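Here's the structure we're looking at; comments come further down.
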Amino acid sequence: MAFKKGYMIVCDGSNGAGKTTIIKAIAAHLLSRGREIVVTREPGGTPVGEKIREVLLSPDTPELCATTELLLFAAARAQHVREKIVPAIEAGKIVISDRFDAATVSFQYYARGLPLALINQLNAIALDGFRPDINIILDLDPAVGIERVNARGEALDRMEKEKLEFLQRARNGYLEQARNDPQHFMIIDASQTLEKVTSSVIEIVDKITDS
Ligand code: Z5A
């Protein structure tokens, strides 16, 4: 049997834009094509990462200063890359992650205002030379995203409770990153119907994984 090359696809973007829904569609599509996949998420993806996620996202977490928040995202990512992502890719699997390093640039730099040099340094430590093949950015007005999350009937997490301007700055951060690095970012308008968003994303996934 021919060796299959591993890839990493990141689905990222505005809160409530449909990442979880779209990742299920990507996973089903790749499985139907006989690929081995690993679906994962950030923050989280490993036992220790999921514990860090609880601290980062629980509305019950006491006051978290911005630097501590950044270090926790980076710590969870360092574990994620080493324990789960790189071994899966080396085994020829396709990793699909709900958010990854671009989220730190969008949320902790563009939205929170921490220094970009510090974020780049921490991302470099966490990634240890690794980088995803593509970041598929589901772009949506955060007000619409919050409405979608509310309609799901779940409580908002610590980050979703941030002011709308904060979520808007993060959204702009993704758009700016995509403008600066069109080779590694694809923007999808997530206000379109689910069918349209799914077919656009599958087209990108096929281009990447058939290459
Ligand atoms: N964060 C950070 O600050 N720094 C970092 O480095 C990292 C993350 C990695 C993680 O939350 C939070 O951490 C996030 C960024 C920050 N904060 N915010 N805000 P998350 O990623 O776990 O949660 P989220 O971003 O808020 O997303 P979500 O709630 O998981 O939503 P989603 O996965 O994008 O959407 P969904 O659950 O698939 O869809 C939402 C609903 O809309 C659902 O009922 C769907 O059926 C519906 N839907 C989906 N697509 C459509 C379309 N096209 N039309 C209509 N309805 C749709």
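Counting starts at 1 for both ligands and their atoms, in listed order. Just so we're clear, the structure is a prediction, and the values are computed from it rather than from any experiment. When reading the values below, keep in mind they use all heavy atoms of this one structure, side chains included, and skip hydrogens, waters and symmetry mates.
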Where ligand 1 meets [X] - atom numbers and elements under 4.0 angstrom, heavy-atom basis:
X	result
Ala190	53 (N)
Leu194	50 (N), 53 (N)
Leu167	19 (N)
Thr193	53 (N)
Arg53	22 (O)
Glu42	9 (C)
Val149	29 (O)
Thr104	5 (C), 6 (O)

Point to revise | Which residues share a side-chain contact (heavy atoms from CB on, under 4.5 Å) with Asp189, sequence neighbours left out | key: Ser191, Gln192
Check your understanding: Taking only residues two or more places apart in sequence or in another chain, which ones pass side chain to side chain donor-acceptor pair (under 3.5 Å) with Glu36?
Key -> none
Please report which non-hydrogen protein atom sits nearest to [atom], along with the residue it belongs to and the distance in Å to one decimal place.
atom	value
atom 47 (C) of ligand 1	Arg148 CD, 4.2 Å
atom 49 (C) of ligand 1	Gly18 CA, 3.7 Å
atom 26 (O) of ligand 1	Glu160 OE2, 2.3 Å
atom 17 (N) of ligand 1	Met159 CB, 3.3 Å
atom 14 (C) of ligand 1	Arg99 NE, 3.6 Å
atom 19 (N) of ligand 1	Asn15 CB, 3.4 Å
atom 4 (N) of ligand 1	Gln108 OE1, 2.8 Å
atom 37 (O) of ligand 1	Arg152 NH1, 2.4 Å

Test your reading of the model: is there a side-chain donor-acceptor pair from [X] to the backbone of [Y], 3.5 Å cut-off?
X	Y	value
Asn135	His184	yes
Thr198	Leu194	yes
Ser97	Phe100	no

Of all the heavy atoms in [X], does at least one lie under 4.0 Å from an atom in ligand 1?
X	value
Leu57	yes
Gln192	yes
Arg77	yes
Arg112	no

Are [X] and [Y] linked by a side-chain donor-acceptor pair shorter than 3.5 Å?
X	Y	value
Asp139	Tyr174	no
Ser106	Gln177	yes
Asn15	Arg148	no

Is the closest side-chain heavy-atom distance between [X] and [Y] below 4.5 Å?
X	Y	result
Ile26	Val201	yes
Pro87	Arg82	no
Phe166	Tyr110	no

Review point. Do Arg33 and Asp210 sit within salt-bridge range, that is, some charged N less than 4.0 Å from a carboxylate O?
Key: yes
**Study point:** Arg179 with Glu176: basic N within carboxylate O range, under 4.0 Å
**Key:** yes
Check your understanding: Got more than 12 heavy atoms from elsewhere within 6.0 Å of CD, Glu50?
Key -> yes
Review point. When you look for heavy atoms under 4.0 Å from ligand 1, do you find them on the side chain of Leu138, its backbone, both, or neither?
Key: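 Contact part for Leu138 vs ligand 1: neither.
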Review point. Between Ser191 and ligand 1, which residue portion shows a heavy-atom distance shorter than 4.0 Å: side chain, backbone, both, or neither?
Key: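 Looking at Ser191 and ligand 1, no heavy atom falls under 4.0 Å.
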Review point. Polar-atom distance check: Ala17 versus ligand 1, any N or O pair below 3.5 Å?
Key: yes
Check your understanding: If we only count N/O pairs under 3.5 Å, is Lys19 in contact with ligand 1?
Key -> yes
Study note, to complete from the structure: Ranking Phe100, Phe73, Tyr109 by closest non-hydrogen atom to atom 2 (C) of ligand 1, top hit is Phe73
Point to revise | Identified side chain to side chain contact (heavy atoms under 4.5 Å, CB included) counterpart of Arg41 within the set Arg99, Arg53, His80 | key: Arg53
